[in-house]
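All values reported here derive from a predicted model rather than from experimental measurement. Order of the sequence lines sets the chain letters (A, B, ...), proteins ahead of strands, with each chain counted from 1.
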2 protein chains.
Amino acid sequence: MTESAGTQDLILDAAERLFARQGFTATTIKQIGKEAAVNPALLYYYYDSKETLYRAMLQRILGQLLTRGTDAIEGATGHAERIRAFVRAQVKLLVDHPHFPQLFVREMVDHQAAHATEAITNTAAGAFKRLCDVIVAGQNDGAFRKALDPRFAAISIISQVAYFVIARPAVGLLLGHSRTGPPPELSERFFAHAEEWALQALLSGSSATAGSAQ
Amino acid sequence: MTESAGTQDLILDAAERLFARQGFTATTIKQIGKEAAVNPALLYYYYDSKETLYRAMLQRILGQLLTRGTDAIEGATGHAERIRAFVRAQVKLLVDHPHFPQLFVREMVDHQAAHATEAITNTAAGAFKRLCDVIVAGQNDGAFRKALDPRFAAISIISQVAYFVIARPAVGLLLGHSRTGPPPELSERFFAHAEEWALQALLSGSSATAGSAQ
DNA sequence: GTCTATAGGTGGATAGAC
DNA sequence: GTCTATCCACCTATAGAC
């Protein structure tokens with residue numbers, strides 16, 4: 001289909017890189033033009049304004065993420081495996097779209113998710129709800145603790161990997177490395193840990209109640 | 001001491017609000033002057049540049065956070081209570097300094113924590129290490145699972161509350177509310193959940209191994 | 001569709017009066 | 001210490017040739 005990437009794709013790709021790295025205000029039209037190797041004035045042929053370009057860029061990446069189902073969950077057998085599959089899918093998504101975490105968090109702090117409201121609402125009705133359903137199913141089968149609020153549990157599960165990639169510089173420093181983040185091998189180990197952690201928090205049958213451990 | 005807040009404090013307060021809300025580039029000197037009710041040119045009497053002002057503002061809030069110990073941990077008796085105390089201290093810190101999460105995350109994405117490296121390193125040697133020590137102590141006493149990497153466990157614990165406040169608009173939407181975030185009562189319940197979640201993930205004595213739950 | 005040239009506006013920063 | 005006035009650089013956006 002797109003044998004050679006069209007001019008629009010070049011522009012959107014460049015905009016995605018720069019907006020992710022520098023944010024909306026710090027990124028200039030001229031930078032985007034240079035990064036995309038097209039004339040800056042050309043951006044106004046395709047988009048009405050910088051704001052419009054930003055929205056188009058954001059909608060494109062959000063669309064890519066949404067179409068990408070969480071089918072891995074259904075494929076997995078057993079409650080525990082479904083949870084693991086979800087975490088692995090989350091990791092894969094963030095690894096495949098390295099710009100997403102920064103764009104997402106910028107959209108949070110810069111616009112209170114104003115441009116991503118619809119996408120997040122769809123996520124709430126899609127992937128997030130599926131994770132909640134898996135948790136509820138596990139609770140009904142007695143595998144997972146019934147005292148848990150499934151929505152809260154889902155957020156706790158998501159937060160581990162999300163925070164790890166968003167606060168990458170801090171995590172790097174906390175783990176004794178540099179602000180460029182932990183080395184890949186260590187990240188891999190954390191992601192494996194995240195699966196275990198989520199499962200242990202979910203599983204019923206703990207011999208000690210939370211309040212009694214000394 | 002500071003009967004009436006000095007001009008510098010007015011400026012730093014205004015800068016803190018605006019930098020947190022809008023970020024470095026989107027915030028102008030004139031806005032800060034207006035917000036602080038002082039003449040914009042006056043900022044250059046106290047600070048060499050916008051960059052210098054930003055750094056002063058950031059160092060001030062980081063200093064406030066660092067001096068604030070995690071003494072609650074030592075005060076608590078029992079491994080479980082120490083974990084709970086840590087999470088509660090984290091929540092209190094973020095509630096008392098509502099600008100901090102946004103400033104922190106902006107420093108991550110905008111500068112890769114370049115201006116916060118020292119503060120984070122101190123955290124790594126302070127509060128974070130204390131949390132790790134509590135986990136190790138619990139492991140040595142057989143209360144907490146020995147298979148856990150204490151540093152990873154600490155990050156998983158921290159991530160829950162951190163992500164909740166950073167991604168507040170998304171969390172609000174996922175929980176069925178608006179992008180202004182979940183209502184206070186719901187946030188309180190999540191923070192209580194976060195304590196339980198962390199403990200259950202830590203506690204040993206789960207009857208099922210993670211891999212065998214069906 | 002793509003480029004040149006430039007208008008119009010704003011931002012960071014300074015000079016200098018008070 | 002605080003304010004007025006202003007300079008210069010740069011940014012978004014447009015007009016118009018090709």
K.L.:
So what does A/T52 hit on the nucleic acid, given a heavy-atom distance under 4.0 Å: a base, only sugar-phosphate, or nothing?
P.N.:
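Since no nucleic acid heavy atom lies under 4.0 Å of A/T52, the category is nothing.
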
K.L.:
Need one value for A/T25: base, sugar-phosphate or nothing, where a base atom within 4.0 Å counts as base even if backbone is also close, heavy atoms only.
P.N.:
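Nothing: the residue A/T25, judged by heavy atoms under 4.0 Å, touches no strand.
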
K.L.:
Between D/dT12, D/dC3, C/dA13, which nucleotide gets closest to the side-chain atoms of A/I29?
P.N.:
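Out of D/dT12, D/dC3, C/dA13, the nucleotide with an atom closest to A/I29's side chain is D/dT12.
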
K.L.:
Measure from NZ on A/K50 to P on C/dT10 and round the result to the nearest Å.
P.N.:
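Rounded to the whole Å, the gap is 15 Å.
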
K.L.:
Looking at B/R106 and B/D110, does any basic side-chain N land under 4.0 Å from a carboxylate oxygen?
P.N.:
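Answer for the salt bridge query: no.
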
K.L.:
Between B/R88 and B/E81, is there a side-chain N and carboxylate O pair less than 4.0 Å apart?
P.N.:
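The answer is yes: the pair qualifies as a salt bridge.
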
K.L.:
I need the OH-C1' distance between B/Y44 and C/dG12, as an integer number of Å.
P.N.:
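About 4 Å, once rounded to whole Å.
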
K.L.:
Let me spell it out: for each of B/T27 and A/V38, pick the nucleotide of DNA chain C with the closest heavy atom. Which residue's pick is nearer the 5' end?
P.N.:
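Final value for this comparison: A/V38.
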
K.L.:
Can you tell me which nucleotide in C/dC3, D/dT12, D/dT2 comes closest to the side chain of A/L42?
P.N.:
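Nucleotide nearest to A/L42's side chain: C/dC3.
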
K.L.:
Charged N to carboxylate O below 4.0 Å: is that the case for A/R84 and A/E196?
P.N.:
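Judged by the 4.0 Å cut-off on N to carboxylate O distance, A/R84 and A/E196 do form a salt bridge.
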
K.L.:
Over how many whole Å does the gap from A/N39 atom CG to D/dT14 atom C1' extend?
P.N.:
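After rounding, the reported distance stands at 13 Å.
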
K.L.:
Return the value, rounded to whole Å, for the distance between atom OH of A/Y47 and atom P of D/dT14.
P.N.:
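Between P of D/dT14 and OH of A/Y47: 16 Å.
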
K.L.:
Give the rounded distance in Å between these two atoms: CD of A/Q22 and P of D/dC11.
P.N.:
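These atoms are roughly 11 Å apart.
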
K.L.:
Of the options C/dT2, C/dG11, D/dT12, whose atoms approach the side-chain atoms of A/T28 most closely?
P.N.:
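The answer is D/dT12.
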
K.L.:
For D/dG1 and B/T7 - does any side-chain N or O of the residue sit under 4.0 Å from the phosphate oxygens OP1/OP2?
P.N.:
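For D/dG1, OP1/OP2 do not have a side-chain N/O of B/T7 under 4.0 Å.
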
K.L.:
Measure the acute angle between the ring planes of A/H111 and A/Y54, then classify it against the limits of 30° and 60° as parallel, tilted or perpendicular.
P.N.:
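Rings of A/H111 and A/Y54: tilted, as their planes differ by 30° to 60°.
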
K.L.:
Round to a whole Å and report the spacing from NZ of B/K30 to P of D/dA5.
P.N.:
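After rounding, the reported distance stands at 13 Å.
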
K.L.:
In whole Å, what is the span from the OH atom of A/Y46 to the C1' atom of C/dC3?
P.N.:
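Rounded to the whole Å, the gap is 13 Å.
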
K.L.:
Under 4.0 Å between a Lys/Arg side-chain N and an Asp/Glu carboxylate O for B/R60 and B/D13?
P.N.:
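Looking at B/D13 together with B/R60, the answer is yes, because their closest N to O distance falls below 4.0 Å.
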
K.L.:
If each of B/Q8 and B/A41 is mapped to the nucleotide of DNA chain D with the nearest heavy atom, which maps nearer the 5' terminus, i.e. the 5' end?
P.N.:
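On the 5' side of the pair lies B/Q8.
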
K.L.:
Nearest whole angstrom, please: distance from the P of C/dG1 to the OH of A/Y45.
P.N.:
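After rounding, the reported distance stands at 4 Å.
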
